[in-house]
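All remarks here apply to the structure that follows.
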Amino acid sequence: MTTSMKAVVYHAPGDIRVEDVPVPTCGDDEIRVKVDACAVCGTDLKTYRHGNPRIKPPKIMGHEFTGLVETVGSRVEGFSPGERVVMATSISCGQCAYCRRGWTNLCVDLAPMGFTYEGGMAEYTVIPARAIRNGHVVKVPAGVKAEHAALSEPLSCAVNSADNSHIEPGDTVVVVGAGPMGIMNACVAREVGAEQVILAEINPVRLKQAEPFAFDRLVDPAQEDLKQIVMDATGGIGADVAIVAAPAAAPQEEAVYLVRKRGTVCLFASLPASDKMLSIDSRAVHYGEVRVVGTSDSTPEHVRKAVELIAGGSLPADRLASHVLGLGDIFRAYQLMQSGEALRVVLTP
Ligand SMILES: [Zn+2]
Ligand SMILES: [Zn+2]
């Protein structure tokens, strides 16, 4: 085996390099994976442009990876070379009050791949002992394409919001924001049984991009009355669930008017820290007994469910993995994301 490999390495804001680095060694409690796909997340683009205080450079980027197990450490049980794996990549401590309740995504000591640990934009990555011990490695059935499996991590975050929003079969779900995560939320809502999925987006390019997914209704709230459309679609009572995947105050505040009594508003996105406050109609929440929840990241259980959905074949994974490029094309990937042309760019080392 060769001793060096190509990797996308973060050095400083604006300074990301595709370079040769040593192939990482695999300890007795670790698994080394031969990566064959790693999707590029919006947070990777943010890190490139603005840096991230949680990353100590140099660090190999990428947390949405998949690959085949190449080496299994001598003390690791339950894995064999050749198996395809993905991860719940924010690795939990396994001991804190949140981990003990199974809410590993809320762990007080999260250590994510590509932040704390070296990431997956490389030919090989090593899964740390803590991830294996705490159940963060999820197997993918044979036959699932690498570029589809790489969607497990972002999709698992949408599985978390479907879960936390209590989407039930037959529900009407409104998703506000048709960026990559809005579309993934809408896809997952449909997969878990929503009867009507209404997707709202003010950006015409993104709205157009959402068309082939054939959701029940696409709405441009700048041109049409979203609330009226939702009311008309639900016999005048409102949606069961509204998921806001747009980092803007207005749609987050207005979402309480889109749901029925006892409906759920899920904030999938937050606002920038510098301008983080919302004004929400207390009367709509109080008299309507509306639940307002947030969701962030995902647990291994959500990743397992995402893998199931991908393997099931009805999820439009080919459309979601809109661009497949080489590892060296990372800057092209950033361009495609910034211009809104790409939903998910998957890099194949
Ligand atoms: Zn991500
Ligand atoms: Zn913990």
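Numbering of ligands and ligand atoms starts at 1, following listing order. Hydrogens, waters and symmetry mates play no part in the numbers below; they use all other heavy atoms, side chains included.
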Could you go through residues 167-184 and list every donor-acceptor pair under 3.5 Å that involves a side-chain atom there, pairing it with any protein atom two or more places apart or in another chain?
unit_1: Asp171; atom_1: OD2; unit_2: Glu168; atom_2: N; d: 2.8
unit_1: Thr172; atom_1: OG1; unit_2: Gln196; atom_2: NE2; d: 3.1

field: Angle at the Zn ion (ligand 1) (to 10°), with one arm to SG of Cys41 and the other to NE2 of His63
entry: 100°
query: Taking both backbone and side chain into account, is any N, O or S atom of Cys157 nearer than 2.8 Å to the Zn ion (ligand 1)?
result: no
statement: Here the gap from Asp163 atom CG to Thr295 atom OG1, rounded to the nearest 0.5 Å, amounts to 10.0 Å
- line: Note, the Zn ion (ligand 2) has protein N, O or S atoms under 2.8 Å numbering 4
task: Report yes or no: does Glu64 have an N/O/S atom closer than 2.8 Å to the Zn ion (ligand 1)?
output: yes
- prompt: Judged by modelled atom types alone, do Thr104 and Ser92 share a side-chain donor-acceptor pair under 3.5 Å?
  reply: no
task: Indicate the ring-plane relationship of Phe215 and Phe213, choosing parallel, tilted or perpendicular according to the 30° and 60° boundaries.
output: parallel
- line: Those residues at least two apart in sequence (or on a different chain) that pass side chain to side chain contact (heavy atoms under 4.5 Å, CB included) with Leu325 are Asp329, Arg332, Ala333, Leu336, Val345, Leu347
field: Trace of the ring-ring contact (aromatic ring centres under 6.0 Å, His included) decision for Tyr10 with Tyr48
entry: CA-CA 8 Å; Tyr10 170 77; Tyr48 172 53; 8.9 Å; no
- prompt: By the rule that ILVMFWY residues connect when side-chain heavy atoms come within less than 4.5 angstrom, directly or transitively, which residues belong alongside Ile202?
  reply: none
